[in-house]
Amino acid sequence: MKRPRIVITGIGGLCGLGTDAPAIWDSMRAGHSAIGPLTNGALHELKIRIGAEIKQLPEHGIDRKQLVSMDRFSLLAVIAAKEAMRQSGLVVDENNTNRVGTIVGVGVCGWEAIEENYRAILLEGKNRAGIFTVPKVMPGAAAGQVSMNLGLRGPVFGVTSACSSSNHAFATAMDQLLLGRADAIVAGGTDAPLVWGVIKGWEALRVVAPDTCRPFSADRQGLVLGEGAGMAVLETYEHAIARGATILAELAGTGMSGDASDIVAPTVEGPTAAMRACLLDAGLAPEEVDYINAHGTGTKANDQIETAAIKRVFGAHAHKLSVSSTKSMHAHCLGASGALEMIACVNAVREGLVPPTANYREADADCDLDVTPNVAKARPVRVAISNGFAFGGTNAVVAVKAA
């Protein structure tokens with residue numbers, strides 16, 4: 001029996017590129033990079049002083065009494081979710097509240113609150129933590145806050161798998177819809193890692209670039225951290241049609257795998273398995289894919305291994321694909337990355353335009369695919385896939401089809 005189709009009826013987001021989904025897409029189309037000097041937080045003695053930060057939050061209308069219980073990563077998720085719901089036109093009331101849920105991916109957690117409390121207790125001599133510390137920092141807080149703001153009483157929970165968190169959230173939301181546990185789910189990811197403690201940890205890993213992110217370029221020196229959130233309203237096709245919704249795109253399938261190898265070093269086999277599983281789940285032949293939004297972090301190993309995996313999966317068609325890494329523009333937003341990249345994929349299939357890999361300077365023989373250097377490319381995009389490959393060897397890939 002043919003399974004129900006899952007469609008996307010609303011998207012929302014904010015990051016260094018813009019404070020709503022249209023602004024983010026406009027910046028991506030233009031090849032604009034949001035990476036620059038960090039200005040919003042205390043950097044202390046950090047060596048890393050660049051990132052892609054949201055300079056100023058948009059007006060969000062969230063009550064001050066609720067704000068005091070929210071860390072920044074939850075606030076970003078709520079802002080993005082409200083935008084996605086507005087675009088979808090989905091009205092939640094007492095008749096359907098139990099059939100609409102939210103699943104939010106998070107790579108880290110409420111580090112802003114953690115750091116505030118550590119400094120208050122250890123450096124300033126205060127004798128107790130803030131009363132909302134625990135509900136602020138828990139990774140599932142973003143899902144709970146989205147649920148409360150939008151009145152969603154269906155399946156509500158968070159998922160966390162480092163840089164694959166958003167794609168795992170989309171995959172899990174799709175499963176919930178296919179199982180009949182909900183008619184619609186607001187799914188995506190969020191992270192706000194631009195705080196001293198998190199950046200200090202990344203500094204120790206020695207994988208952060210000193211100037212900017214140059215995925216697939218021979219002179220790349222590593223990733224750059226960013227903050228943001230992205231959310232999408234997913235529905236069964238029947239539910240969307242019944243209420244007269246505008247369908248933006250179809251979530252055609254998902255694929256997941258584990259490397260079972262190393263906590264930080266990626267393998268070729270894991271990403272290969274995840275992409276193949278995604279194509280199988282979506283019922284797609286490799287030749288039907290036109291665009292890959294690559295994981296593309298800008299590290300030497302990651303970009304080479306992802307290129308090799310794409311060649312294994314797509315064979316000769318790999319050189320006919322358009323590939324790009326939008327992390328070159330919004331940076332690596334950890335748990336939010338896949339959700340921001342969903343915005344790119346949805347618009348790519350809607351407009352027939354591939355966003356570029358910004359900051360590209362030198363060809364690399366080990367990354368010899370068409371990586372759309374610096375300038376967006378107009379081409380028909382019937383199917384786009386988005387890759388998420390994370391520390392821990394947790395891989396998740398999603399496929400988006402034109403509606």
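Below, each value reflects all heavy atoms present in this structure, side chains not excepted, and no hydrogens, waters or symmetry copies.
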Report task. Identify the heavy atoms of Pro356 and Asn374 that sit nearest to each other, and give their distance. Result -> CB-C, 3.4 Å

Requested in this report: Using modelled atom types only, decide if a donor and an acceptor are shared between the side chain of Ser217 and the backbone of Arg214 within a distance under 3.5 Å.
Outcome: no

Report task. Give a yes or no on whether the backbone of Ala218 and the side-chain of Lys300 come within a donor-acceptor separation of less than 3.5 Å. Result -> yes

Query raised in the report: Should Met342 and Ile8 count as side-chain neighbours, where that means a heavy-atom distance under 4.5 Å?
Result: yes

Query raised in the report: Any side-chain heavy atom of Pro210 within less than 4.5 Å of one from Gln221?
Result: yes

Requested in this report: List the steps and the verdict of side chain to side chain contact (heavy atoms under 4.5 Å, CB included) for Leu67 and Met70.
Outcome: CA-CA 5 Å; Leu67 284 175; Met70 300 171 71; 4.2 Å; yes

Query - Polar side-chain atom of Asn293 near backbone of Cys345 as donor-acceptor pair, under 3.5 Å - result: no

Query - Candidate pair Leu76 and Leu57, rule side chain to side chain contact (heavy atoms under 4.5 Å, CB included), full reasoning - result: CA-CA 9 Å; Leu76 299 182; Leu57 293 177; 3.6 Å; yes

Report task. Determine, for Glu287 against Lys320, whether the closest basic-nitrogen to carboxylate-oxygen distance falls under 4.0 angstrom. Result -> no

**Report entry** Residue Arg119 excluded, over 12 heavy atoms near CZ under 6.0 Å
**Finding:** yes

Query raised in the report: Do the side-chain N and O atoms of Ser324 and Tyr291 include a donor-acceptor pair separated by under 3.5 angstrom?
Result: yes

Report task. Answer yes or no: is there a side-chain heavy-atom contact under 4.5 Å between Leu14 and Ile54? Result -> yes

Query raised in the report: Any Lys/Arg nitrogen of Asp364 or Arg220 sitting under 4.0 Å from an Asp/Glu carboxylate oxygen of the other?
Result: yes

**Report entry** Separation of Trp25 CH2 from Thr326 OG1 (nearest 0.5 Å)
**Finding:** 9.0 Å

Query - Exceeds 12 heavy-atom contacts within 6.0 angstrom, atom CZ of Arg243 - result: yes

Query raised in the report: So, Glu83 side chain and Ala21 main chain: donor-acceptor pair closer than 3.5 Å or not?
Result: yes

Query raised in the report: Does the separation of the ring centres of His32 and His330 fall below 6.0 angstrom?
Result: no

Report task. State, to 0.1 Å, how close Val146 and Val78 come at their nearest heavy-atom pair, and which atoms those are. Result -> N-CG2, 3.8 Å

Query - Whether Lys327 side chain and His295 backbone form a donor-acceptor pair below 3.5 Å - result: yes

Query raised in the report: Sub-3.5 Å donor-acceptor pair from the side chain of Ser166 to the main-chain atoms of Ala339, do we have one?
Result: yes

Query raised in the report: Under the 3.5 angstrom rule, does the side chain of Gln304 hit a backbone N or O of Ala301 as a donor-acceptor pair?
Result: no

Requested in this report: Under the salt bridge (charged side-chain N to carboxylate O under 4.0 Å, His left out) rule, collect the residues that match up with Glu53, sequence neighbours excluded.
Outcome: Lys55

**Report entry** Residue that, paired with Glu351, satisfies salt bridge (charged side-chain N to carboxylate O under 4.0 Å, His left out) out of Arg379, Arg29, Lys377
**Finding:** Arg29

Requested in this report: List in chain and number order the residues that pass side-chain contact (heavy atoms from CB on, under 4.5 Å) with Glu124, two or more places apart in sequence or in another chain; answer none if no residue qualifies.
Outcome: Ala120, Lys126

Query raised in the report: What distance do Asp20 atom CG and Gln87 atom CD have between them, rounded to the nearest 0.5 Å?
Result: 10.0 Å

Query - Asp259/Asn395 under side-chain hydrogen bond (donor to acceptor under 3.5 Å, both in side chains): CA gap, chis, key distance, verdict - result: CA-CA 8 Å; Asp259 288 358; Asn395 310 300; 2.9 Å; yes

Query raised in the report: Can you find a heavy atom in the side chain of Ser164 that is under 4.5 Å from one in the side chain of Thr394?
Result: yes

Query raised in the report: Is there a side chain to side chain contact (heavy atoms under 4.5 Å, CB included) between Val208 and Leu223 once you walk through the steps?
Result: CA-CA 5 Å; Val208 179; Leu223 59 85; 3.9 Å; yes

Requested in this report: Give a yes or no on whether the backbone of Val106 and the side-chain of Thr160 come within a donor-acceptor separation of less than 3.5 Å.
Outcome: yes

Query raised in the report: At what distance, to the nearest 0.5 angstrom, does SG of Cys333 lie from CZ of Phe73?
Result: 15.0 Å

Requested in this report: Taking the side chain as every heavy atom from C-beta outward, state whether Thr9 and Leu248 have any pair of such atoms under 4.5 Å apart.
Outcome: no

Query raised in the report: Taking 4.0 angstrom as the limit, do Lys136 and Asp71 come out as a salt bridge?
Result: no

For residues 396-403, which side-chain N or O atoms pair as donor and acceptor with protein atoms under 3.5 Å away, sequence neighbours left out?
none

Query raised in the report: Distance from Glu59 atom CD to Thr19 atom OG1, nearest 0.5 Å?
Result: 10.5 Å

Query raised in the report: Going by an N to O cut-off under 4.0 Å, is there a salt bridge joining Glu203 and Lys200?
Result: yes

Query raised in the report: Would you call Leu279 and Pro286 a side-chain contact if the rule is heavy atoms closer than 4.5 Å?
Result: yes

Requested in this report: Please list, chain by chain and in numerical order, all residues satisfying side-chain hydrogen bond (donor to acceptor under 3.5 Å, both in side chains) with Lys82, sequence neighbours excluded.
Outcome: none

Report task. For residues Ile50 and Asp211, report the shortest heavy-atom separation together with the two atoms involved. Result -> CD1-O, 3.0 Å

**Report entry** Asp191 backbone acceptor or donor facing Glu227 side chain under 3.5 Å
**Finding:** no

Requested in this report: Considering non-hydrogen atoms only, spot the tightest contact between Pro215 and Tyr360 and give its length.
Outcome: O-CD1, 3.8 Å

Report task. Quick one: pull up CG in Asn98 and CD in Glu94 and give me the separation to the nearest 0.5 Å. Result -> 10.5 Å

Report task. State whether the number of non-hydrogen atoms from other residues, nucleotides or ligands found under 6.0 Å of Leu123 atom CG is greater than 12. Result -> yes

Requested in this report: Measure the spacing between OG1 of Thr297 and CG of Asp303 and express it to the nearest 0.5 Å.
Outcome: 5.5 Å

Query raised in the report: Is any side-chain heavy atom of Val289 less than 4.5 Å from a side-chain heavy atom of Phe314?
Result: yes

**Report entry** salt bridge (charged side-chain N to carboxylate O under 4.0 Å, His left out) partners for Arg3, two or more places apart
**Finding:** Asp281

Requested in this report: Would you name the heavy atoms of Ala390 and Ser161 that are closest together and state the gap between them?
Outcome: CB-O, 3.3 Å

Report task. Determine the interplanar angle of the Phe391 and Trp202 rings, folded into 0 to 90°, and report it as parallel if under 30°, tilted if 30 to 60°, perpendicular if over 60°. Result -> parallel

Report summary line: Contacts of Thr172 meeting side-chain contact (heavy atoms from CB on, under 4.5 Å) (sequence neighbours excluded), chain-then-number -> Ile103, Phe157, Val159

Requested in this report: Using modelled atom types only, decide if a donor and an acceptor are shared between the side chain of Glu250 and the backbone of Val7 within a distance under 3.5 Å.
Outcome: no

Requested in this report: Measure across Ser328 and Ser33 and return the closest heavy-atom pair with its distance rounded to 0.1 Å.
Outcome: O-OG, 3.1 Å

Report task. Verify whether one side chain among Asn359 and Thr212 offers a donor that lies under 3.5 Å from an acceptor in the other. Result -> yes

Requested in this report: Begin from the C-alpha positions of Ile292 and Ile310 and carry the test side chain to side chain contact (heavy atoms under 4.5 Å, CB included) through to its verdict.
Outcome: CA-CA 9 Å; Ile292 297 177; Ile310 290 170; 3.9 Å; yes

Query raised in the report: Less than 4.5 Å apart, any side-chain heavy atom of Leu150 and any of Thr102?
Result: no

